[in-house]
Protein chains: 2
Amino acid sequence: MIDGHSIAGIIDVAADAGVSPTTVSHALSGKRAVSAKTRLKIQESVARLNYQPNLVARGLRSQRTHTIALLVADISNPYYPEVASGVHDVLTRDGYLPFVCNTNGVAEAERTFLAEFVARSVDGIIMHPMALAPAEIRFIVGRRVPVVIIGEDDGSHSVDFVRSDDRTGISAGVSYLHDQGHRSIGFISGPVGIGPGDARLISFRLAVAALGLRTDDEWIARGPYTRDGGLDAGARILASSTPPTAIMCANDLIAIGAMDAARAAGLAIPSDIAIIGCDNIGIADLVSPRLTTIDNNARGVGIACAETLLLRIADGPDAVARHTALPTRLVIRQSA
Amino acid sequence: MIDGHSIAGIIDVAADAGVSPTTVSHALSGKRAVSAKTRLKIQESVARLNYQPNLVARGLRSQRTHTIALLVADISNPYYPEVASGVHDVLTRDGYLPFVCNTNGVAEAERTFLAEFVARSVDGIIMHPMALAPAEIRFIVGRRVPVVIIGEDDGSHSVDFVRSDDRTGISAGVSYLHDQGHRSIGFISGPVGIGPGDARLISFRLAVAALGLRTDDEWIARGPYTRDGGLDAGARILASSTPPTAIMCANDLIAIGAMDAARAAGLAIPSDIAIIGCDNIGIADLVSPRLTTIDNNARGVGIACAETLLLRIADGPDAVARHTALPTRLVIRQSA
DNA sequence: GCCCCCTTGCAAATCGATTTGTACAACCTT
DNA sequence: AAGGTTGTACAAATCGATTTGCAAGGGGGC
């Protein structure tokens with residue numbers, strides 16, 4: 001009895017119950033009526049033989065594999081596991097299983113995986129493209145398998161998009177600082193054209209302008225999305241002629257670097273200078289002081305992607321595309 | 001031309017090239033000889049029609065899906081993405097695609113997913129069990145699909161195991177503290193019977209005894225694997241009659257909590273008290289002072305699991321089981 | 001009592017590839 | 001020149017389920 005799971009097929013069940021495979025299939029799927037008596041017999045046989053339908057065979061015949069693919073840049077980047085977790089929870093509840101693959105942001109890898117997903121007849125793809133444009137994705141995948149793209153939409157009516165709306169959270173952050181009495185606020189963004197920094201800087205400028213606050217170019221700095229990047233940029237801002245009393249950052253790593261810079265300058269956080277990050281990665285709650293930051297709701301993005309995909313699968317390829325923007329929110333801790 | 005990918009099957013390719021489907025299959029798989037001339041014709045047709053074999057159909061016939069499953073407790077726990085990344089990189093290189101699923105440590109979820117993997121004919125399973133014993137896993141899965149288990153082996157000769165060997169790293173940590181002049185070292189473990197804390201505490205005791213150091217029960221504390229758990233336990237140790245000059249912790253979150261406790265007691269790190277964590281999660285490099293910790297080589301574990309699984313697939317179920325223990329290593333930063 | 005319809009179950013086709021058995025030809029061997 | 005070997009391609013069976021078309025039996029309406 002090494003094998004808890006014998007290799008019974010639907011034919012074995014049919015033989016055991018004294019009916020045809022057809023009847024077994026109908027009894028189990030409910031797609032056609034089966035008398036209560038035979039259904040009972042079949043259920044007994046199923047239990048006795050420990051029958052489990054071969055899902056590969058089912059997938060081939062029914063053209064539905066109940067499989068989806070999640071394609072991200074790097075699963076070990078703390079943002080993606082949150083997304084994956086949301087996707088996973090929604091989809092497994094409906095009997096889907098997710099393939100999870102990394103592209104490392106390489107265009108050729110994105111193309112290769114997409115083609116492989118099509119060859120494997122996945123029922124849907126959720127993807128955060130780094131190198132491919134939505135049009136090319138659509139071209140590779142074709143109309144047969146639905147795609148939900150994480151990121152800014154390109155106005156297309158045939159692809160679903162989900163993104164988090166940085167504006168709401170950043171605006172809340174600026175308002176919060178304003179309420180605390182801050183009138184001079186700086187911002188550290190990422191390198192030009194790379195990542196979400198540009199969009200977040202724009203959101204920041206809008207929010208500051210909306211409150212009628214003064215801005216100063218010396219209070220804006222850029223650097224890589226790392227702790228060291230934040231340290232450098234933060235030091236530059238603090239060295240300006242009249243430094244701001246608060247700094248917002250394009251991500252949490254930069255914010256942690258900015259805290260280093262503040263400490264190095266002998267400033268106390270948040271009494272001398274307030275700092276707010278972006279992303280609310282797990283780390284944010286573990287540094288000292290605990291980082292006030294903007295939660296971009298990664299898990300919510302995953303959930304929304306999965307739900308959007310399920311709707312698309314149900315509605316077919318001709319339904320109008322959904323473009324979802326999830327609100328972000330300020331998480332107030334100790335650094336501001 | 002919305003569809004970059006037409007729906008050509010092997011029959012279409014055969015018709016286009018003027019040969020039989022059999023010949024196409026053999027030309028592409030190389031399992032039987034095909035003359036150079038026809039092979040060329042076929043390759044042209046494949047390219048023209050953009051043919052990609054349906055991998056579901058192939059999987060059904062060949063009984064190999066080139067699919068594996070990775071079953072973990074929680075993909076958003078920073079340990080697992082590292083493992084997943086290692087698994088992913090090795091397996092995708094060989095044409096496998098990984099399903100990634102979470103169990104949240106619930107026994108019933110572990111059982112359900114294992115059964116589903118079998119039903120889907122995955123070629124292998126890599127699993128970090130939380131609630132199920134190896135024997136039960138073996139029982140559910142049967143002999144048909146190979147399993148690699150992450151964790152302590154149970155002496156079985158039929159299941160492959162991979163684990164990281166805490167002893168090497170913890171011993172290195174204790175030696176390092178000893179070299180720095182510490183003669184009284186405490187340890188904060190997790191709750192009894194849960195997680196890796198017990199094993200790590202044993203390794204710690206062995207290392208301390210090997211150096212002939214004195215131990216004191218007041219220097220050992222337990223608590224949940226969280227920052228707050230570390231704060232509590234750390235405070236208790238520091239309140240003992242003669243507190244130690246260094247504390248090792250069963251994981252990094254506990255270590256961060258212990259640093260909080262030290263600060264609360266007015267102690268400077270590492271001059272007044274040295275602290276060493278375990279796991280080297282991404283956070284460890286971001287707290288202040290940067291946490292000295294023991295890297296358990298999560299990515300290496302993933303790589304080893306994948307390689308072990310590939311070997312098992314190649315060797316068949318009767319080959320002797322491999323039990324691998326990967327060395328851990330001390331990462332020296334600022335907290336010790 | 002006759003006819004029709006509805007329920008129930010089976011046989012056979014199907015999904016799209018791989019794999020096996022076989023036929024035909026050409027080329028060697030003796 | 002007869003017999004044997006090798007190379008090449010095809011037809012048919014196969015993987016394990018779902019799905020469709022059809023037949024037999026039972027019940028109800030008129």
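- Ion pairing between a basic and an acidic side chain is recognised when a charged N comes within 4.0 Å of a carboxylate O; A:K41 and A:D16 show no such pairing.
- Base engagement by A:S20 is indicated by at least one non-hydrogen atom pair under 4.0 Å involving a base atom.
- Under a cut-off of 6.0 angstrom, the local environment of CD1 in B:I11 is sparse, with at most 12 non-hydrogen atoms contributed by other residues, nucleotides or ligands.
- Contact annotation for A:V56: no contact, since no heavy-atom pair falls under 4.0 Å across all strands.
- No side-chain N or O of B:R322 forms a donor-acceptor pair with one of B:T308 less than 3.5 Å apart.
- Mapping B:L60 and B:T38 onto DNA chain D by nearest heavy atom places B:T38 at the nucleotide closer to the 5' end.
- Listed pair A:Q63 / C:dT14 fails the phosphate criterion, with no side-chain N or O lying under 4.0 Å from OP1 or OP2.
- Looking at B:R143 and B:D318, a side-chain N of the basic residue comes within less than 4.0 Å of a carboxylate O on the acidic one, giving a salt bridge.
- Within the model, atoms CZ of A:R163 and CD of A:E152 stand 4.5 Å from one another, a figure rounded to the nearest 0.5 Å.
- No side-chain donor from either of B:S25 and B:T22 sits under 3.5 Å from a side-chain acceptor of the other.
- Direction of the helix axis in the helix from C:dG1-D:dC30 to C:dT30-D:dA1 shifts by 40° between the two five-pair termini, rounded to 10°.
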Within the sub-3.5 Å range, which N or O atoms of nucleotides 19-26 of chain C have a protein N or O partner, and how far apart are they?
residue: C:dT19; atom: OP2; partner: B:K31; partner atom: NZ; Å: 2.9
residue: C:dG21; atom: N7; partner: B:R32; partner atom: NH2; Å: 3.3
residue: C:dG21; atom: O6; partner: B:R32; partner atom: NH1; Å: 2.6
residue: C:dG21; atom: O6; partner: B:R32; partner atom: NH2; Å: 3.4

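- Listed nucleotides C:dT18, C:dG16, D:dG16 differ in distance to B:R58; the shortest reach to its side chain belongs to C:dT18.
- Going from atom CG of A:L28 over to atom C1' of C:dG9 covers 15 Å, rounded to whole Å.
- The two residues B:V147 and B:V159 come nearest to each other via the heavy atoms O-CG1, 3.7 Å.
- Counting to the nearest Å, the P atom of D:dG16 and the CG atom of A:L55 are 13 Å from each other.
- Sequence neighbours left out, not one pair with a member in residues 28-50 of chain B passes ring pair (Phe, Tyr, Trp, His ring centres under 6.0 Å).
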